[in-house]
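Given the structure is predicted, the values throughout are model-derived calculations rather than measurements. In each ligand, atom 1 is the first atom listed, and ligand 1 is the first ligand listed.
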Amino acid sequence: MLKWLIIGGGVHGVHLACVLDATRRQDCPRDRIAILDPHPSLLERWRRAAANVGMAYLRSPRVHHLDKASNSLHAYAVTHRGEAGIKYAPPYNRPSLDLFDRHCREVIASRRLDKRLLHGMARRVRALPDGLRVETDNGDIAAERIVVCTGPGEHAAWPEWATTLKTNGGDVRHCLEERLPGTFAHRDVCVLGGGISAVQTALRLAAGTTAAVALISRHDIRVHQFDSDPGWIGPKYLSAFHRTNDLRVRRRMIDNARHRGSIPPDICAALTTAVRSGRIQHYIARVTNSRITVNGRIRLVLAATTTGDEPEAVQNHAGHVADDHAIDAATILLATGHNRSRPGGDLIDHMVADFGLPCAPCGFPLPKADLRWHHPRIYLSGALAELEIGPVARNIVGARLAGRRIAPG
Ligand SMILES: Cc1cc2nc3c(=O)[nH]c(=O)nc-3n(C[C@H](O)[C@H](O)[C@H](O)COP(=O)(O)OP(=O)(O)OC[C@H]3O[C@@H](n4cnc5c(N)ncnc54)[C@H](O)[C@@H]3O)c2cc1C
């Protein structure tokens with residue numbers, strides 16, 4: 001029987017595996033910790049999303065990485081100076097994606113985490129007298145304890161009209177779901193979304209094509225360095241969060257703290273340049289109608305939106321959109337994030353029902369301070385732990401905070 005099975009081999013699963021490996025005692029040889037994931041290799045979903053949006057630098061600083069020691073990425077970067085140079089972007093020393101990715105590979109290789117990847121999708125968890133049995137589409141696995149790190153969601157958010165277009169044969173894709181091509185050659189593309197993924201995707205495409213790239217956002221561009229205030233990493237804001245027992249209030253605190261659909265100033269500057277030079281047409285609008293035209297293109301009909309965003313955090317690059325303004329594109333790319341409901345699908349639904357595990361009114365799990373889900377053998381990390389970790393739970397630093405709680409020392 002395994003000591004630990006980590007369900008999900010993404011950013012959180014890899015960091016947790018690393019921390020559990022680093023803190024394991026003599027009674028836990030390496031091969032008693034395993035990671036379960038359906039992909040051929042670890043971090044596949046993260047790498048796919050990063051490549052799709054074409055991000056050059058992370059939004060988070062260099063101390064947010066997947067190894068245990070906080071200076072590990074910089075120490076690695078210095079060692080490899082001759083090979084690739086140290087690449088940080090100001091402010092806050094944000095690592096290049098290339099450096100971050102090479103460091104991830106180093107962490108995985110040095111702890112032989114790739115050798116402990118079991119392929120499969122967890123479907124249901126059952127109690128054993130001395131542990132848990134995880135049923136997967138590839139056989140059963142017995143473990144003393146599990147950490148569920150299944151991520152922000154299997155289901156990307158699709159507006160209804162986009163689903164209908166796709167069903168009718170339109171070329172509509174979601175940048176969180178599939179590997180997008182490096183370029184769409186001369187096809188004009190319309191990107192939907194107002195956050196960093198949408199803007200970066202539009203910039204990547206505009207750099208590699210002479211065809212038109214349109215960006216449709218439902219709100220003005222919101223500029224924030226990070227996707228929540230760094231005060232949420234420590235006691236500055238978390239003390240009040242943890243003092244709050246009303247789970248509706250906790251949910252509201254998380255939602256208010258997250259700068260959803262925001263971009264940092266450097267990406268905003270790049271967008272301004274691209275819009276001014278005509279490489280990106282940016283519309284602040286919602287889609288009111290859509291159809292496939294006789295020549296197989298997609299026509300979107302737009303209406304202007306007013307968002308009431310706070311003016312100091314907002315930049316408007318967009319041209320005025322008259323109601324019923326129509327634009328045509330060959331391809332629609334959705335960068336509309338994930339559904340906001342509880343992630344984890346049937347696996348989590350069954351766990352709630354089978355073990356009677358507690359959830360808040362918003363549907364999200366209610367873990368204890370050590371991230372056990374009111375069960376001695378079931379731990380949570382990532383989106384599933386956000387009512388305890390707070391607004392940064394889904395980020396890399398959220399994985400680090402979870403690691404310290406699950407495997408202190
Ligand atoms: C483009 C992009 C840029 C980002 N940039 C930053 C940044 O700069 N800094 C930062 O801190 N954060 C950033 N984030 C946010 C955050 O780091 C990611 O969302 C992170 O990938 C979440 O990690 P995760 O492990 O929870 O989920 P995922 O990376 O989605 O991994 C979950 C894994 O679990 C697997 N899984 C799901 N269900 C099951 C099951 N039932 N059985 C087995 N396996 C299962 C999935 O297949 C997947 O491999 C970014 C996110 C995106 C999309």
Side-chain angles (χ1 to χ4, degrees), residues 5-17 34-66 89 92 94-97 100-101 104 117-125 134-138 141 146-156 174-177 180 193 195-201 204 225-228 230 232-233 258 263-264 267 335-338 343-351 380-386 389 391-403:
L5 177 67
I6 296 155
I7 303 179
V11 162
H12 282 252
V14 169
H15 179 66
L16 262 298
I35 308 168
L36 175 71
D37 194 282
H39 295 98
S41 53
L42 296 167
L43 298 179
E44 273 222 6
R45 215 199 249 174
W46 155 262
R47 289 200 173 108
R48 184 179 64 203
N52 281 348
V53 307
M55 75 180 186
Y57 289 89
L58 269 76
R59 194 173 189 177
S60 47
R62 70 183 181 203
V63 286
H64 298 177
H65 55 73
L66 304 194
Y92 305 105
R94 295 171 297 123
S96 69
L97 179 63
F100 182 82
D101 195 50
C104 288
L117 172 61
L118 307 174
H119 298 287
M121 192 78 181
R123 299 287 185 211
R124 201 151 181 168
V125 179
V134 178
E135 298 174 356
T136 85
D137 54 2
N138 199 13
I141 305 166
I146 62 172
V147 191
V148 188
C149 308
T150 47
E154 288 294 319
H155 301 295
H174 201 297
C175 69
L176 290 175
E177 276 182 355
L180 300 177
I196 185 167
S197 294
V199 174
Q200 284 185 310
T201 303
R204 171 173 83 79
Q225 185 65 50
F226 299 117
D227 47 16
S228 57
W232 282 102
I233 297 170
R258 283 206 181 114
I263 63 175
I267 304 291
T336 42
H338 287 103
D346 289 350
L347 174 70
I348 297 297
D349 296 349
H350 284 311
M351 286 169 80
L380 302 170
S381 181
L384 290 167
E386 69 186 18
I389 296 288
V392 303
R394 298 166 184 229
N395 290 358
I396 299 163
V397 71
R400 301 184 69 76
L401 295 176

Assess the residue pair W232 and F226 against the criterion (ring-ring contact (aromatic ring centres under 6.0 Å, His included)); give the C-alpha distance rounded to whole Å, side-chain angles, the decisive distance to 0.1 Å, and a yes or no. CA-CA 11 Å; W232 282 102; F226 299 117; over 10 Å; no
Assess whether side chain to side chain contact (heavy atoms under 4.5 Å, CB included) is satisfied between V392 and H64, documenting all intermediate values. CA-CA 12 Å; V392 303; H64 298 177; over 6 Å; no
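Considering backbone and side-chain atoms together, A122 places an N or O closer than 3.5 Å to an N or O of ligand 1. The N/O atoms of R45, backbone and side chain alike, include one that comes under 3.5 Å of an N/O atom in ligand 1. Residue V11 places at least one N or O, backbone or side chain, under 3.5 Å from an N or O of ligand 1.
Set against the non-hydrogen atoms of C149, the atoms of ligand 1 under 4.0 Å away are 32 (C), 34 (O). In summary, the atoms of ligand 1 found under 4.0 Å from a heavy atom of H39, numbered by their order in the structure, are 47 (O), 49 (O). For ligand 1, the atoms lying closer than 4.0 Å to a non-hydrogen atom of P152 are 27 (O), 30 (O). Here is the list of ligand 1 atoms found below 4.0 Å of a heavy atom in P38: 43 (C), 44 (N), 45 (C), 47 (O). The distance from ligand 1 to the heavy atoms of L58 drops below 4.0 Å at these ligand atoms: 8 (O).
A donor-acceptor contact shorter than 3.5 Å is absent between the side chain of R204 and the backbone of M55. Looking at H12, its side chain never comes within 3.5 Å of a backbone N or O of T150 through a donor-acceptor pair. Not one N or O on the side chain of H119 forms a donor-acceptor pair closer than 3.5 Å with the backbone of S41. Side-chain atoms of N138 do not come within 3.5 Å of backbone N or O of G120 as any donor-acceptor pair. Here the side chain of R400 pairs a donor or acceptor atom with the backbone of H65 at under 3.5 angstrom. At least one donor-acceptor pair closer than 3.5 Å links the side chain of R47 to the backbone N or O of L42.
The existence of a salt bridge linking R123 and D346 is excluded, since no basic side-chain nitrogen approaches an acidic carboxylate oxygen closer than 4.0 Å.
Heavy-atom separations between A399 and ligand 1 are all 4.0 Å or longer. Residue contact annotation: E44 has no non-hydrogen atom under 4.0 Å from ligand 1. Within the structure, ligand 1 lacks H64 among the residues with a heavy atom less than 4.0 angstrom away.
Nearest to atom 18 (C) of ligand 1 among the protein's heavy atoms is R394 O, 4.0 Å. Among protein heavy atoms, the minimum distance from atom 35 (C) of ligand 1 is reached at D37 OD2, 3.2 Å. Remark: minimum distance from atom 7 (C) of ligand 1 to any protein heavy atom is reached at S60 OG, 3.5 Å. Nearest protein heavy-atom contact of atom 8 (O) of ligand 1 is R59 N, 2.8 Å. The nearest protein atom to atom 14 (N) of ligand 1, hydrogens excluded, is given as W46 CZ3, 3.9 Å; this is a heavy-atom distance. Of the protein's non-hydrogen atoms, the one nearest atom 53 (C) of ligand 1 is A49 CB, 3.8 Å. Counting protein heavy atoms only, atom 24 (P) of ligand 1 is closest to H12 CD2, 3.6 Å. Among protein heavy atoms, atom 27 (O) of ligand 1 sits closest to G151 CA, 3.2 Å.
Proximity of R94 to ligand 1, defined as any heavy-atom pair under 4.0 Å, is not found for any part of the residue. If you look at M121 next to ligand 1, the close heavy atoms, those under 4.0 Å, come from the backbone and the side chain alike.
Across N395, I396, L118, heavy-atom proximity to atom 15 (C) of ligand 1 is greatest for N395.
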